[in-house]
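When reading the values below, keep in mind they use all heavy atoms of this one structure, side chains included, and skip hydrogens, waters and symmetry mates.
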Amino acid sequence: MNFLRRYRAWFVTAAVGLAIAGGVVAFEYGNYEDPTALRMLCDGAFVAGVILACFGALALVGSGGAFDAMGFAVRTLLRKFSLRKDRFESRLTYGEYKAMRRERKGADVKCVLFVGVAYLALAAALLGLYYS
């Protein structure tokens, strides 16, 4: 039980990838005259891999603080034009905002990137089988 709880994010991400791949396979099965199993599986794994790898890369870059400037700008605009000024503590400088963001520890997002890369590797292996 501890194993499942520990790696729950990995299993959920793999299940999401499997659902995406299943959707692509179902789409191809219903819309093509003679789809082969390897082609459908390769396409499903490729689409799931690209989607998960791109979202994982964006989340990894975002957790590193690449989008903090945009968040600071939105927060400053909301503070400036908000009717309820009591929702915001006081005006923060950008350095204080970055320090506040660094203190908050987010979820580990590397699993999305690695599962996406694994789906891309699976798609490459299936493509090799398809052409051999």
Side-chain angles (χ1 to χ4, degrees):
M1 185 66 176
N2 192 18
F3 177 79
L4 293 176
R5 185 174 296 148
R6 186 179 202 181
Y7 295 108
R8 179 177 32 186
W10 292 83
F11 290 127
V12 169
T13 306
V16 167
L18 195 60
I20 293 170
V24 171
V25 167
F27 175 78
E28 285 192 3
Y29 184 76
N31 290 331
Y32 292 109
E33 292 178 14
D34 188 26
T36 61
L38 278 177
R39 176 185 164 192
M40 291 187 303
L41 291 174
C42 177
D43 290 346
F46 179 74
V47 170
V50 166
I51 290 173
L52 290 175
C54 287
F55 276 118
L58 274 175
L60 192 64
V61 167
S63 70
F67 302 121
D68 283 349
M70 288 184 279
F72 178 71
V74 168
R75 180 181 169 86
T76 304
L77 282 174
L78 285 176
R79 183 183 181 279
K80 179 75 173 168
F81 295 112
S82 176
L83 297 176
R84 292 184 48 213
K85 302 284 187 196
D86 58 335
R87 286 192 310 184
F88 300 97
E89 303 85 32
S90 64
R91 186 169 191 278
L92 296 174
T93 64
Y94 182 65
E96 293 169 345
Y97 180 77
K98 290 265 303 179
M100 181 185 73
R101 293 282 296 172
R102 247 182 276 130
E103 288 174 5
R104 274 196 290 168
K105 179 68 176 155
D108 188 24
V109 293
K110 289 182 220 162
C111 65
V112 180
L113 179 64
F114 290 142
V115 170
V117 169
Y119 271 106
L120 287 174
L122 176 66
L126 289 172
L127 185 66
L129 288 174
Y130 179 74
Y131 280 120
S132 64

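Close placement of the Y7 and F3 rings is indicated, their centers lying within 6.0 Å of each other.
In the hydrophobic clustering of ILVMFWY residues, with side-chain heavy atoms under 4.5 Å counting as a link, V112 and L120 come out apart. Cluster membership check: F11 shares its hydrophobic cluster with F55, using side-chain heavy-atom separations under 4.5 Å among Ile, Leu, Val, Met, Phe, Trp and Tyr. Clustering ILVMFWY residues whenever any of their side-chain heavy atoms sit less than 4.5 angstrom apart, transitively, puts W10 in the very cluster that holds I51. Hydrophobic clustering, with ILVMFWY side chains joined whenever heavy atoms are under 4.5 angstrom apart, groups Y131 together with L122.
Few gaps surround OH on Y94; more than 12 heavy atoms of other groups in view lie less than 6.0 Å from it.
In this structure, the separation between CG on L52 and CD1 on I20 is 5.0 Å, given to the nearest 0.5 Å. Here the CZ-CD distance, from F72 to E96, works out to 8.5 Å after rounding to the nearest 0.5 Å. Residue R8 holds its CZ atom at 11.5 Å from SG of C111, rounded to the nearest 0.5 Å. In this structure, M40 CE and Y130 OH are separated by 10.5 Å, a value rounded to the nearest 0.5 Å. Separating the OG1 atom in T13 from the CG atom in L18 is a distance of 12.5 Å, to the nearest 0.5 Å. Taking CZ of F46 as the reference point, atom OH of Y119 lies at 15.0 Å (rounded to 0.5 Å).
Here the closest non-hydrogen pair linking A48 and A21 is CB-N, 4.2 Å. The two residues A53 and V117 make their nearest non-hydrogen contact at CB-N, 4.4 Å. Considering every non-hydrogen atom in both L38 and L126, the closest pair reads CD2-CD2, 3.7 Å. Residues L113 and A57 approach most closely at CD1-N, 3.9 Å, considering heavy atoms. Listed here is the closest heavy atom pair of R39 and E28: O-OE1, 4.0 Å.
For the ring-ring contact (aromatic ring centres under 6.0 Å, His included) test, no residue two or more places apart in sequence or in another chain qualifies with F67.
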